[in-house]
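Have a look at the structure below before the remarks.
All figures in this text were calculated on a predicted structure; none of them were measured in a lab. Numbering of residues begins at 1 and proceeds along the displayed sequence.
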Amino acid sequence: MAVPLKPKVREIYADGDTVIVLFDGEATARDGVPYRNTYTWFLTFADNRIVKGTAFFDSIAFDELWQRVPV
């Protein structure tokens with residue numbers, strides 16, 4: 001990325017030791033083209049630390065970025 005991904009939180013859900021965060025992320029890629037995606041993170045906490053995390057995102061948008069912009 002040319003600039004860091006900027007998250008915009010839509011919702012945060014908490015139940016017991018699990019927190020779910022739904023957010024949109026936007027940044028400009030190194031090729032100058034905007035990158036946008038929606039993410040959901042499922043986080044499990046223990047002793048005020050994240051001990052497990054699972055993330056979901058739009059893989060099509062992510063793949064398009066990786067095909068356009070070499071590592």
Side-chain angles (χ1 to χ4, degrees):
M1 294 294 168
V3 297
L5 190 75
K6 182 177 180 180
K8 182 177 179 184
V9 176
R10 286 196 211 180
E11 299 286 341
I12 298 176
Y13 304 93
D15 185 15
D17 62 356
T18 302
V19 174
I20 303 168
V21 183
L22 172 64
F23 67 97
D24 298 311
E26 186 172 333
T28 301
R30 289 191 327 243
D31 63 357
V33 176
Y35 169 74
R36 294 178 185 91
N37 209 330
T38 298
Y39 299 85
T40 304
W41 288 357
F42 291 76
L43 307 169
T44 303
F45 285 79
D47 299 321
N48 293 318
R49 294 178 185 251
I50 298 170
V51 296
K52 181 180 176 188
T54 303
F56 294 92
F57 56 90
D58 180 347
S59 61
I60 294 172
F62 187 78
D63 287 344
E64 288 173 354
L65 171 70
W66 279 101
Q67 291 177 18
R68 277 196 346 258
V69 181
V71 176

Inset, instruction - Determine whether Thr38 and Leu22 make a side-chain contact, defined as any pair of heavy atoms from C-beta on separated by less than 4.5 Å. - result: yes

Inset, instruction - Would you indicate whether the side-chain heavy atoms of Phe42 and Thr44 approach each other to under 4.5 Å? - result: no

Inset, instruction - Output yes when a side-chain donor or acceptor of Arg36 lies under 3.5 Å from a complementary backbone atom of Ala61, and no otherwise. - result: no

Legend entry - Taking every non-hydrogen atom, the tightest pair across Val19 and Val21: CG1-CG2, 4.0 Å

Legend entry - Nearest-0.5 Å distance that lies between atom CZ in Arg30 and atom CG in Leu65: 9.0 Å

Inset, instruction - Indicate yes or no: at least one non-hydrogen side-chain atom of Asp58 is less than 4.5 angstrom from one of Glu64. - result: no

Inset, instruction - Provide the closest heavy-atom pair for Ala29 versus Arg68 in the form atom of the first, atom of the second, distance. - result: CB-NH2, 3.6 Å

Inset, instruction - Evaluate whether atom CG of Asp15 has more than 12 neighbouring non-hydrogen atoms of other residues, nucleotides or ligands under 6.0 angstrom away. - result: no

Inset, instruction - Taking all heavy atoms of Gly53 and all of Leu43, pick out the closest pair and write down the distance. - result: CA-CD2, 4.1 Å

Inset, instruction - Following the transitive rule for hydrophobic clusters with a side-chain heavy-atom cut-off under 4.5 Å over Ile, Leu, Val, Met, Phe, Trp and Tyr, establish whether Phe23 and Met1 coincide in one cluster. - result: yes

Inset, instruction - Determine the interplanar angle of the Phe57 and Tyr39 rings, folded into 0 to 90°, and report it as parallel if under 30°, tilted if 30 to 60°, perpendicular if over 60°. - result: tilted

Inset, instruction - Scan side-chain atoms only and decide if Tyr35 and Asn37 contain a donor-acceptor pair under the 3.5 Å cut-off. - result: yes

Legend entry - Contact check, side chains of Asp31 and Val69, non-hydrogen atoms, under 4.5 Å: yes

Legend entry - Heavy-atom pair of closest approach, residues Phe45 and Val51: C-CG2, 4.2 Å

Legend entry - Closest contact, heavy atoms only, Leu5 versus Glu26: CD1-N, 3.5 Å

